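A quick write-up on the structure given underneath.
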There are 2 protein chains.
Amino acid sequence: MARQARALATRQAVLLAAAEVFDERGYAAATMSEILDRAGVTKGALYFHFHSKEELALAVIEGQGAWLSTWQPSSDSPVQTLIDLGYAFAHALQDDPLVRGSIRLTIEHGSFTQPQIAAYQGWSDVARGLLERARDAGDLHPGIDLAAAAGVITGAVTGIQLSSQVLTDRRDLIQRMSDLWTLVLPGLVQPHALARLSVAERVPS
Amino acid sequence: MARQARALATRQAVLLAAAEVFDERGYAAATMSEILDRAGVTKGALYFHFHSKEELALAVIEGQGAWLSTWQPSSDSPVQTLIDLGYAFAHALQDDPLVRGSIRLTIEHGSFTQPQIAAYQGWSDVARGLLERARDAGDLHPGIDLAAAAGVITGAVTGIQLSSQVLTDRRDLIQRMSDLWTLVLPGLVQPHALARLSVAERVPS
DNA sequence: GGTAGAATACCTACTGGACGGTATGCGGCC
DNA sequence: GGCCGCATACCGTCCAGTAGGTATTCTACC
């Protein structure tokens with residue numbers, strides 16, 4: 001297996017470089033040459049691991065699902081979990097190249113509609129699951145359409161992230177997330193539950 | 001001036017075709033050939049009016065500001081105006097090729113950061129202006145950060161539009177806008193003002 | 001009101017370069 | 001020695017942009 005270690009390393013290097021370039025340029029404007037340069041790998045090596053540019057992009061998109069599935073709730077209440085997830089995701093968008101590249105490819109529509117839909121659905125499903133648990137716990141206002149709320153929240157996070165990126169290169173993303181919760185939570189959770197939430201980021205100690 | 005009529009017509013044809021292609025493919029993946037074909041114009045004609053692909057894209061982006069500046073409030077209360085503006089914009093996103101292309105180019109980051117920032121700021125400023133008027137009228141909850149709220153709303157609209165586009169080709173955009181207001185308004189406006197608003201789309205008679 | 005000439009508006013053919021992808025070869029670990 | 005992992009050289013395609021010519025329409029002057 002020692003030989004596989006080398007292969008895995010170059011594969012990871014390619015994936016990382018590709019994520020970075022896709023994040024910076026978008027799919028169409030990204031060139032294989034730049035990915036090669038940044039990965040410090042030759043064409044043969046790259047095309048040994050990924051048979052086409054599109055396959056490489058799909059592998060980058062996968063990183064998003066991987067991040068989401070490795071994330072650990074670290075909280076008690078479902079709504080608090082949703083809030084925490086938002087902040088964790090925001091930090092990943094600031095620091096994790098794979099997540100950044102994945103998000104850009106997901107947001108750009110065009111070539112791969114199917115994985116994009118899956119990504120949006122994945123987020124929406126997670127949000128909806130948490131909201132269902134919150135409703136069962138009696139935290140939400142009665143009569144709320146959970147699917148609609150989940151769709152709005154995921155969409156809003158998407159857009160806030162995007163505008164933050166354009167305007168401040170995501171420097172104010174955490175602040176904007178906080179603004180979002182401040183605005184949205186009163187229409188979602190009941191006062192008694194709202195009192196128990198920390199809307200601002202909870203720094204894990 | 002009869003001579004300008006022809007020139008203006010081809011210019012408009014090029015602009016429309018470009019907006020469509022940019023909307024469908026994005027900036028980098030859009031080719032001048034496709035724009036030419038769709039406009040029914042030759043290369044020489046196009047490059048007479050627009051000196052480069054980038055200049056053409058900038059002209060398309062301008063369409064957004066043009067739409068926004070021609071829009072007429074048609075309402076009494078500032079919050080209602082904001083809601084109506086959202087729905088009007090949603091319809092433009094469904095029907096107006098220039099707006100669609102402009103939005104896609106604005107959302108894609110890369111080549112032209114400056115006009116993008118201007119576009120976001122423009123929307124945010126409009127929203128903020130309406131919120132200020134609403135606050136002065138006593139419609140909003142006290143202590144609301146208007147700039148933050150305006151930023152969240154414009155960001156949310158951006159993201160909702162995007163997810164709607166990916167998931168249903170914008171067919172459920174109106175519904176999602178309605179969901180957004182349902183969720184956001186309780187945290188923004190006071191009950192007495194909320195009662196006077198129509199959250200669903202008001203079809204002008 | 002007709003015509004010269006000048007600007008405007010447009011057409012065709014071409015170019016240089018970059019891009020994604022492949023073919024083939026080669027070294028080193030099992 | 002065989003295959004996994006990688007290196008190098010090359011290819012066909014396509015694309016944005018240009019060069020230089022042509023048509024169309026306006027202006028000026030008779």
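No experiment lies behind these values; they were computed from the predicted model shown. We name chains A, B, ... by the order of the sequence lines, and we start the count at 1 in each one.
Comparing atom distances between the F48(B) side chain and each of dC11(C), dC6(D), dT8(C) picks out dT8(C) as nearest. Taking the side chain of K43(B) as heavy atoms from C-beta on, and the options dT18(D), dC10(C), dC4(D), the nearest nucleotide is dT18(D). Closest to the side chain of A45(B), from the set dA9(D), dC11(C), dA16(D), is dC11(C). Residue Y47(B) places its side chain closer to dT18(D) than to any other of dT8(C), dT18(D), dC6(D).
Between R11(B) and M32(A), the residue anchored nearer the 5' end of DNA chain C, judged by the nucleotide with its closest heavy atom, is R11(B).
Side-chain atoms of L140(A) and Q190(A), non-hydrogen and from C-beta on, never get closer than 4.5 Å to each other.
Not a single donor-acceptor pair, N or O on each side, falls under 3.5 Å between the base of dG17(D) and the side chain of K53(B).
T42(A) comes within 4.0 angstrom of a nucleotide base, judged by non-hydrogen atoms across all strands. A30(B) comes within contact range of the sugar-phosphate backbone alone, with a heavy-atom separation under 4.0 Å but no base atom that close.
The shortest distance between the side-chain N/O atoms of S33(A) and the OP1/OP2 oxygens of dC19(C) is below 4.0 Å. Taking 4.0 angstrom as the limit, H51(B) places none of its side-chain polar atoms (N or O) nearer than this to OP1 or OP2 of dA16(D).
Between the side chain of Q116(A) and the backbone N or O of L105(A), at least one donor-acceptor pair lies under 3.5 Å.
Rounded to an integer number of Å, the gap from R25(A) CZ to dA18(C) P is 14 Å.
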